[in-house]
Every structure is written in C-alpha cells, then in structure tokens.
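Below you'll find the structure, written out as structure tokens, and then a few comments.
Just so we're on the same page: letters track the sequence lines, and every chain starts at 1. Source: prediction; values computed, not measured. Both backbone and side-chain heavy atoms feed into the values below; hydrogens, waters and symmetry mates do not.
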2 protein chains.
Amino acid sequence: MSMSRQPARSPSAEGALAILEAAESLFAEKGFDGASINDIAHRAGVSKANIFHHFTSKKGLYLAVLKRAVAHSAGILAKGPPPADPAQSDRRLKQFFSEHLDALLEQPETTRLILREVLENGSESGQSLAEGIFADYFTRLVGWVRMGQEAGWLRGGFDPALLAFTLIAVNVHFFQALPILQHLPGAGFAFDSKTFSEQIFGLLMDGAGASSNVWEEEA
Amino acid sequence: MSMSRQPARSPSAEGALAILEAAESLFAEKGFDGASINDIAHRAGVSKANIFHHFTSKKGLYLAVLKRAVAHSAGILAKGPPPADPAQSDRRLKQFFSEHLDALLEQPETTRLILREVLENGSESGQSLAEGIFADYFTRLVGWVRMGQEAGWLRGGFDPALLAFTLIAVNVHFFQALPILQHLPGAGFAFDSKTFSEQIFGLLMDGAGASSNVWEEEA
DNA sequence: GTCTATAGCTGGATAGAC
DNA sequence: GTCTATCCAGCTATAGAC
C-alpha cells in the first residue's frame with residue numbers, strides 16, 4: 001500500500017543511470033553470467049546494495065538494460081522520414097544500408113547486447129522484447145523494397161523480404177565477424193566500412209552472375 | 001617423469017567422451033560462465049572430480065570442446081572434391097551455399113558454440129583456433145568465385161571476397177535469426193531452408209536492380 | 001538513496017580412498 | 001579412472017543504520 005518509492009522502472013535518480021550504463025557495458029562484454037553485481041557496482045561507483053534498491057534482482061537489472069538498449073536502437077532506426085515518396089525510395093534504401101551499418105558500429109555495446117540476446121534465445125522475455133522492434137523495422141524495410149519494385153527501379157519476380165533479409169544479414173555479419181575478417185587474407189574490405197557498404201550494395205543490385213545481356217553490351 | 005597417464009588430450013576413456021559431449025551442449029546452450037561443472041558432470045553422468053581428472057580446468061575443458069567442434073566443423077566443410085575443374089565450379093558454388101546452410105542447421109550446438117566464440121572475441125586462444133579453419137575455408141571459397149569470374153559465368157568487376165562474404169553472411173544470419181524470423185510477418189521463407197537457399201542464390205546472381213537490359217528483354 | 005555488514009549458497013578446484 | 005568429502009572464494013540478495 002505504500003507509495004513512497006518507484007522501484008525498477010523510471011530510473012530518475014542519478015545513481016540508477018550510472019548503474020544502467022555500467023551494466024550495459026559489462027553485460028555486453030561478459031554476458032549475463034559473466035558480469036557480476038560487484039563488477040557493475042564498482043564500475044558505476046555505487047554499492048552493491050544500491051543496485052538492489054533500484055532494481056528488483058540481477059535479472060531485473062538485465063531486462064532494464066536490454067529494454068533501454070532496444071529502445072535506443074529503435075530510436076536510431078526510426079529516424080529519417082517515412083518513405084512516403086516512392087520517387088525517393090531508391091536513395092533511401094542505399095542510405096539505410098549504409099546508416100544501419102554505421103549504427104551497429106557506433107554502438108558496439110548495444111549491438112553486442114542484442115546479438116547475444118538473439119543467440120541465447122533461452123530468455124523468453126527478452127525475445128519478445130526484441131521481436132517488437134525487429135518486426136516493425138523489418139516490415140518497414142520490406143515495404144521500401146516492395147515500393148521499389150512497384151516504382152520500377154527494382155526488378156520484380158523476387159520476394160521483397162529476401163532482399164530486406166540479405167541487407168540486414170550482411171551488415172550484422174560484418175559487425176560480428178569484423179575481428180576475424182581483419183585477419184583474413186583477401187578481405188581488405190574489412191578496414192573500410194564505407195566503401196564496403198557501397199560495393200556490397202552495388203553487388204546486390206547488379207548481381208554477381210554474368211547475365212547474358214551485360215556480355216553483349218560490352219562486346 | 002611418470003608415464004602412467006595421458007591427461008587432457010586424446011580422450012580415450014569412455015567417461016571423457018561423455019564429458020565432452022555434455023560440455024559441448026551445455027556450453028552451447030548457456031555459454032562458458034552459464035554452464036557449471038556441476039551441470040556438466042550431472043548430464044555426463046560422472047562426478048565433478050572426474051572432470052578435473054581428464055581436463056586440467058574448466059577453461060581447459062572448454063578449449064577441448066571448442067577444438068573438437070572446430071575440427072568437426074572443418075571436416076564437414078572440407079568434404080567434397082577440390083574445385084580443380086573450372087567447368088563445374090558454377091554448380092559447386094550453388095551446391096556449397098546450400099550444403100553450408102544444411103551443415104549449420106544440422107549441427108546447431110557446434111554452430112552456436114563457434115558463433116559464441118566469435119561474438120565474445122575476448123578469449124584470444126579460441127580466436128586463433130577458429131581463425132585457422134575460417135582462413136582456409138574463406139580462401140577456398142574466394143578461389144571458387146574468382147574461378148567463376150575467369151571462366152566467365154560470373155561477371156568481373158567486383159571483389160570476389162565480397163561475394164564469398166555475402167554467401168556466408170546470409171547463411172549464418174539465417175541460422176541465428178531463425179527463431180525471430182519465424183515470428184516475423186512476411187518472412188515465410190524462414191520455414192523452408194531449401195527454397196530459401198535457392199531463391200537467395202538466384203537473387204545474388206541476378207541482382208535486385210532493374211538492369212535496363214532485363215526490361216528490354218521482357219518488353 | 002546510499003551505505004556497511006552479513007547471511008546463505010554455489011562456484012571451481014583439491015585430497016585421498018578405492 | 002572414478003568416486004566422496006571438503007576447502008574457500010565469490011556470488012546474489014537481505015537487514016538495518018544513516
């Protein structure tokens with residue numbers, strides 16, 4: 001019946017924010033089990049007990065962190081005008097592709113946190129949390145592709161969801177394989193995300209196959 | 001100076017194999033910190049102490065598991081004839097793409113274990129372990145693509161490593177995003193990996209853009 | 001809201017019998 | 001090679017003063 005505190009949600013206090021930030025970086029680095037409350041308290045500059053004052057449990061803290069990360073991620077992805085104008089949608093798609101990769105690379109902690117959550121798929125509560133933005137995001141992207149097909153600057157005859165999926169897959173995999181790519185022979189593109197983005201987009205648009213027409217044009 | 005035991009490597013005993021298998025599945029499920037020696041011992045049907053008899057430490061066990069997974073993975077990927085014959089390389093590339101996805105899906109624990117390792121990139125020892133097969137694998141794949149370009153059934157003008165990367169990225173992301181994809185509106189392809197593979201490959205070959213030539217052909 | 005102190009338990013790892 | 005019994009460090013979480 002008491003009304004003297006507002007636990008768990010709405011971390012208005014300064015301490016709570018420090019906790020959230022410390023927790024995000026540590027959960028992203030070491031995972032849920034690897035990061036201890038002690039670590040988090042120390043990095044946040046608060047006491048262990050204070051964490052349990054603001055958040056009900058370690059899991060509660062983790063969910064709060066995840067929720068904040070997802071919201072942050074969604075905020076970045078949602079920016080930019082809705083693609084109401086089909087005439088501009090071609091530029092928007094390429095722009096999205098590049099900006100999406102930038103967003104992943106600029107927020108590595110948030111990205112890693114969410115990628116971890118996807119990979120675990122044991123924590124059901126976070127799953128549904130993440131699916132919320134993914135569904136919205138993916139649906140919008142599919143819409144852009146379909147619009148491009150209708151406007152004629154993308155060819156028809158393929159499922160727009162396939163291209164949307166491929167765009168995301170390439171960026172996500174670039175992010176997570178980066179440290180390995182940079183040690184791989186022949187993968188020089190791993191050192192310049194800007195030209196990587198442009199070249200991959202071009203490849204996806206033009207295709208890798210020697211469509212007989214291109215031949216004749218050059219011959 | 002004693003020669004009465006062969007610790008850590010060459011798990012010839014029955015118990016050691018049970019431990020390795022239990023550990024692989026638990027590490028894949030919960031990660032290094034999430035899986036406890038107690039869990040592993042219980043699932044393997046042995047005592048905690050027996051684990052430390054066969055493996056020097058938890059980390060030693062983890063590395064043994066990872067090594068085994070990588071070897072297993074490499075075994076699968078290495079099978080099939082080397083692409084000595086350029087004339088057949090076009091079929092090989094499409095076949096690789098499909099088989100690669102099958103391998104990922106059929107060995108989900110191994111796949112998850114290695115993906116985790118890639119994502120963590122804090123465990124340096126495993127990093128170099130994994131890079132070994134990745135480098136070999138990737139180099140071979142790039143070779144196939146380049147061969148295709150020289151043979152003429154792939155167009156020139158793009159970095160072969162880009163296509164190799166994209167093929168792997170699409171498959172890996174399909175694997176790890178599968179549980180989410182299946183809840184996503186419009187992503188019906190998530191339920192049939194076979195046709196997914198074919199359609200994506202077609203998209204990558206033909207491209208998504210409306211290359212002006214295709215227009216004229218159909219008109 | 002924040003702290004110190006501590007409860008209660010589980011983690012990885014070891015000793016030593018069989 | 002396998003076990004039981006044990007050590008102790010570290011963990012999450014709570015109690016209660018300020």
Side-chain angles (χ1 to χ4, degrees), chain A residues 2-66 120 122-123 125-126, chain B residues 2-66 120 122-123 125-126:
Chain A
S2 78
M3 44 170 287
S4 56
R5 64 170 203 172
Q6 43 185 32
R9 46 210 59 180
S10 79
S12 44
E14 44 165 318
L17 190 66
I19 293 170
L20 278 173
E21 287 172 354
E24 168 160 18
S25 97
L26 279 168
F27 280 141
E29 273 177 43
K30 312 196 198 183
F32 179 81
D33 298 284
S36 77
I37 299 284
N38 254 328
D39 295 342
I40 297 170
H42 187 255
R43 182 171 299 190
V46 302
S47 71
K48 276 166 44 163
N50 198 2
I51 294 184
F52 290 99
H53 173 72
H54 288 291
F55 307 92
T56 61
S57 65
K58 188 185 183 181
K59 196 161 197 168
L61 170 60
Y62 177 74
L63 286 178
V65 166
L66 189 65
E120 318 274 324
S123 48
S125 39
Chain B
S2 77
M3 44 170 285
S4 55
R5 65 169 202 173
Q6 42 185 34
R9 47 210 60 179
S10 80
S12 45
E14 44 166 318
L17 190 65
I19 293 170
L20 278 174
E21 286 172 355
E24 168 160 19
S25 97
L26 279 168
F27 281 141
E29 274 177 42
K30 313 196 197 181
F32 179 81
D33 298 287
S36 77
I37 298 283
N38 255 327
D39 294 342
I40 297 169
H42 188 256
R43 184 172 299 190
V46 301
S47 70
K48 272 167 51 164
N50 198 4
I51 294 184
F52 290 99
H53 173 73
H54 288 290
F55 307 92
T56 60
S57 66
K58 189 185 184 182
K59 198 162 196 169
L61 170 60
Y62 177 74
L63 287 179
V65 166
L66 189 64
E120 317 276 324
S123 48
S125 39

(request) Supply the atom-to-atom distance B:Asp39 CG to B:Ser25 OG, rounded to the nearest 0.5 angstrom. (result) 10.0 Å
(message) Would you compute the distance between atom CD1 of B:Ile40 and atom CG of B:Leu26 and round it to the nearest 0.5 angstrom?
(response) 6.0 Å
(request) Tell me, with the steps shown, if A:Leu20 and A:Leu61 meet side-chain contact (heavy atoms from CB on, under 4.5 Å). (result) CA-CA 8 Å; A:Leu20 278 173; A:Leu61 170 60; 4.3 Å; yes
(request) Check the distance between D:dG1's P and B:Leu20's CG and give it to me in whole angstrom. (result) 13 Å
(request) Could you check B:Asn50 against A:Asp39 and say which one's nearest nucleotide on DNA chain D is further toward the 5' end? (result) B:Asn50
(message) From NZ of A:Lys59 over to P of D:dA13, roughly how many Å is that when rounded to an integer?
(response) 11 Å
(request) Decide yes or no for A:Phe27 and A:Lys58: does some side-chain heavy atom of the first lie under 4.5 Å from some side-chain heavy atom of the second? (result) yes
(message) Could you tell me how far apart A:Phe52 (CZ) and C:dT2 (P) are, to the nearest whole angstrom?
(response) 15 Å
(message) OP1 or OP2 of C:dC3 versus the side-chain N and O atoms of A:His53: is any pair under 4.0 Å?
(response) no
(message) Does anything in residues 26-38 of chain B come within less than 4.0 Å of DNA chain C? Heavy atoms only, and list the residues if so.
(response) B:Ala35, B:Ser36, B:Ile37, B:Asn38
(request) Please list, chain by chain and in numerical order, all residues satisfying salt bridge (charged side-chain N to carboxylate O under 4.0 Å, His left out) with A:Asp33, sequence neighbours excluded. (result) none
(message) Please report the interatomic distance NE2(B:His53) to CD1(B:Ile51), rounded to the nearest 0.5 Å.
(response) 12.5 Å
(message) In this structure, how many angstroms lie between the P atom of C:dA13 and the CG atom of B:Leu61, rounded?
(response) 10 Å
(message) Does anything in residues 40-49 of chain B come within less than 4.0 Å of DNA chain C? Heavy atoms only, and list the residues if so.
(response) B:Lys48, B:Ala49
(request) Rounded to the nearest angstrom, tell me the gap between atom CD1 in A:Ile51 and atom C1' in D:dT14. (result) 14 Å
(message) If I take atom CD from residue A:Glu120 and atom CD from residue B:Glu29, how far apart are they, to the nearest 0.5 angstrom?
(response) 11.0 Å
(request) Using a 4.5 Å cut-off on heavy atoms from C-beta on, say whether the side chain of B:Leu63 contacts that of B:Phe55. (result) no
